[in-house]
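Treat the numbers as computed from the prediction; the structure is a model and nothing was measured.
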Number of protein chains: 2
Amino acid sequence: MAFTYDYARPALTVDCVVFGFDGGGLQVLLIRRALEPFAGSWAFPGGFVEMDEDLDVAARRELEEETGLRDVFLEQLYTFGAPARDPRGRVVSVAYYALVRPDQHPAAGGSDASEAGWHAVDELPGLAFDHAEVLRVALERLRGKIRYQPVGFELLPKRFTLGQLQGLYEAILGRGIDKRNFRRKVAAFDFLVPLEEFVRGRHRPARLYRFDRRKYRALEKRGFLFEL
Amino acid sequence: MAFTYDYARPALTVDCVVFGFDGGGLQVLLIRRALEPFAGSWAFPGGFVEMDEDLDVAARRELEEETGLRDVFLEQLYTFGAPARDPRGRVVSVAYYALVRPDQHPAAGGSDASEAGWHAVDELPGLAFDHAEVLRVALERLRGKIRYQPVGFELLPKRFTLGQLQGLYEAILGRGIDKRNFRRKVAAFDFLVPLEEFVRGRHRPARLYRFDRRKYRALEKRGFLFEL
DNA sequence: AATACTTAGTGTGTTTTCCACACTAAGCAA
DNA sequence: TTGCTTAGTGTGGAAAACACACTAAGTATT
């Protein structure tokens, strides 16, 4: 079976930049490509868009097929369409970025791809296609977004300590933050609710918090602007 | 001649939301469609992407063909790909938004389209396709962007008064701004250079300013963050 | 049992920024 | 000359941002 059109059409794909946070630094999920082109090298999970599926549906489908991830935060990033970005011919890719919590992190690769794994964003292997550029754009977007939208919580466990939250912001923004000022600021947010649970390590137990999305949305509707 | 592929491919288009500012309110440039579908109704300028052209090149080409506009600020907005957004079949559209100065405003329609014209954003006619949604996203982006990036100057003449600048911000953000606070803030930006020229109306002459992009870029590199 | 270690958690004074607010200046028109 | 219109300016009070150092409460080690 074949498909014929009066005019040439680019192929259309989706790609997902999946960010994770392990307490230390920011990470991305890469697939080792099984097929040509770029067989054996690392790339973001992605694939061709089906004819009857919406773009974000395609992105979620490919993400699940190649990494097993589902029900994650996913948002369109940018569309890359340089004529020579894929050696197979004209392929336009709608890139998405996803944020996943540590407890959702997949252990190993899914079905389509031979191998999937986390890599620290600041020491990545060479990437296939124009994926280095895609990553650059995704990082820029994440850094811009995290300051003005409460997306950081998508990278932390449902219940987290203020230390973890601060560590996340420091890792993404790439600079230290004063602990007292940081805590004062977040304490003023009443969508950040303190729980009666604590985590114990070899130190004083730390209180757990959770992000209350409903409270946040209510505030947002009243004109509240998140900023951290 | 025809083109045949092993798998079905969506058609790919670009659309441009062109913003202008006339001193009163924000406006967008619409084309009255000559052809089906939606012949006779209003839409954003746009068209099919050629096989060998980059996406932003396609956007600029269509913009010039349909409105005569060239050398304008243009940035990718979002890609719309709902399966049923075009009655002709699966058409994915990469939307761009453009900002044009009043002195660049085209007088009338170009070649492709029967008619082009400016419309106030808050009293638009019904739009073809999903263009109402596209506009919503574009407005949201513009409102978000103008506060943190110096894009407003792309909507004003090269030389402008502080009154015009304030009027622009008030129009886009939809609220009044205190004149003295506004002027104090912009006076602190040294990439906003006062000229020795004044415009005269039936009132005290107003000093003209210009935006010095080089100075701005230099500051930006040193970590300066624009905010207004 | 005592000590050392680690991270959690808290308060204050200073500096900076934000904001509300009202009048004079300069030209044009009648 | 008067009136109209928009341009342009300064100050004091409130709020937010910031720099900064110690105590708290557990665990691990001896």
Side-chain angles (χ1 to χ4, degrees), chain A residues 21-25 102 146-148 156-157 159-171 173-190 192-211 219 222-228, chain B residues 21-25 102 146-148 156-157 159-171 173-190 192-211 219 222-228:
Chain A
F21 178 69
D22 71 346
I146 203 174
R147 298 191 50 198
Y148 304 107
L156 292 175
R159 298 174 302 163
F160 51 85
T161 69
L162 297 186
Q164 288 176 297
L165 185 62
Q166 182 176 347
L168 173 68
Y169 272 82
E170 289 179 332
L173 301 180
R175 59 184 167 84
I177 301 176
D178 180 83
K179 186 170 33 160
R180 282 166 292 190
N181 294 332
F182 182 83
R183 291 170 100 97
R184 180 183 10 257
K185 206 178 274 186
V186 303
F189 298 148
D190 71 340
L192 220 49
V193 311
L195 306 174
E196 288 309 316
E197 293 169 89
F198 298 80
V199 281
R200 31 207 332 124
R202 45 180 152 193
H203 50 73
R204 173 172 176 177
R207 183 182 289 273
L208 285 169
Y209 289 75
R210 69 183 176 83
F211 174 63
L219 273 180
R222 283 176 217 139
F224 168 82
L225 284 181
F226 180 87
E227 191 172 341
L228 230 173
Chain B
F21 178 69
D22 72 346
I146 202 172
R147 299 191 49 197
Y148 304 109
L156 292 176
R159 297 174 301 162
F160 50 87
T161 69
L162 297 186
Q164 288 177 297
L165 185 62
Q166 180 175 347
L168 172 67
Y169 272 83
E170 290 178 333
L173 300 180
R175 60 186 166 82
I177 301 175
D178 179 84
K179 185 167 37 157
R180 282 165 292 189
N181 294 333
F182 182 83
R183 293 169 100 96
R184 180 184 10 259
K185 208 176 274 186
V186 303
F189 297 149
D190 70 341
L192 219 51
V193 311
L195 305 173
E196 289 308 317
E197 293 170 89
F198 298 80
V199 281
R200 35 212 321 129
R202 46 181 151 191
H203 49 73
R204 173 172 174 174
R207 182 182 290 272
L208 287 168
Y209 289 75
R210 70 182 175 84
F211 173 62
L219 273 179
R222 284 175 215 137
F224 169 83
L225 285 180
F226 179 87
E227 192 172 342
L228 230 172

query = Got a sec, which residues hit salt bridge (charged side-chain N to carboxylate O under 4.0 Å, His left out) with A:R210, two or more places apart in sequence or on another chain?
reply = A:D212

ask   = By salt bridge (charged side-chain N to carboxylate O under 4.0 Å, His left out), which residues pair with B:R159, not counting sequence neighbours?
value = B:E197

message = Looking at every heavy atom in both A:L162 and A:F182, which two are closest together, and how far apart are they?
response = O-CE2, 4.0 Å

inquiry  = Taking the ring of A:F189 and the ring of A:F226, is the distance between their centroids below 6.0 Å?
reply    = yes

query = Base, sugar-phosphate, or nothing for B:R183, non-hydrogen atoms under 4.0 angstrom?
reply = base

query = Can you pull the contact range of chain A along DNA chain C, 5' to 3', using atoms under 4.0 angstrom from its heavy atoms?
reply = C:dT6 to C:dT12

With B:R200 via salt bridge (charged side-chain N to carboxylate O under 4.0 Å, His left out) - residues at least two apart = none

ask   = At under 4.0 Å between heavy atoms, what does B:R184 touch on the DNA or RNA strands: base, sugar-phosphate, or nothing?
value = base

ask   = What's the CG-C1' distance between B:L162 and D:dT6, to the nearest Å?
value = 13 Å

inquiry  = In this structure, how many angstroms lie between the P atom of D:dA16 and the CZ atom of A:F182, rounded?
reply    = 18 Å

key: Side-chain donor/acceptor of B:Q164 to backbone N/O of B:T161, under 3.5 Å   = yes

For atom NZ of A:K185 and atom P of D:dC18, their distance in whole Å = 6 Å

ask   = Using a cut-off of 4.0 Å between protein heavy atoms and nucleotide atoms, how would you tag nucleotides 24-30 of chain D 5' to 3' with B, S and -?
value = BBBS---

key: Any pair counted as salt bridge (charged side-chain N to carboxylate O under 4.0 Å, His left out), so long as it reaches residues 173-186 of chain A, sequence neighbours left out   = none

key: A:Y169 side chain to A:I146 backbone, donor-acceptor under 3.5 Å   = yes

task = Figure out the CG/P separation between A:D178 and D:dC18, and round it to whole Å.
result = 9 Å

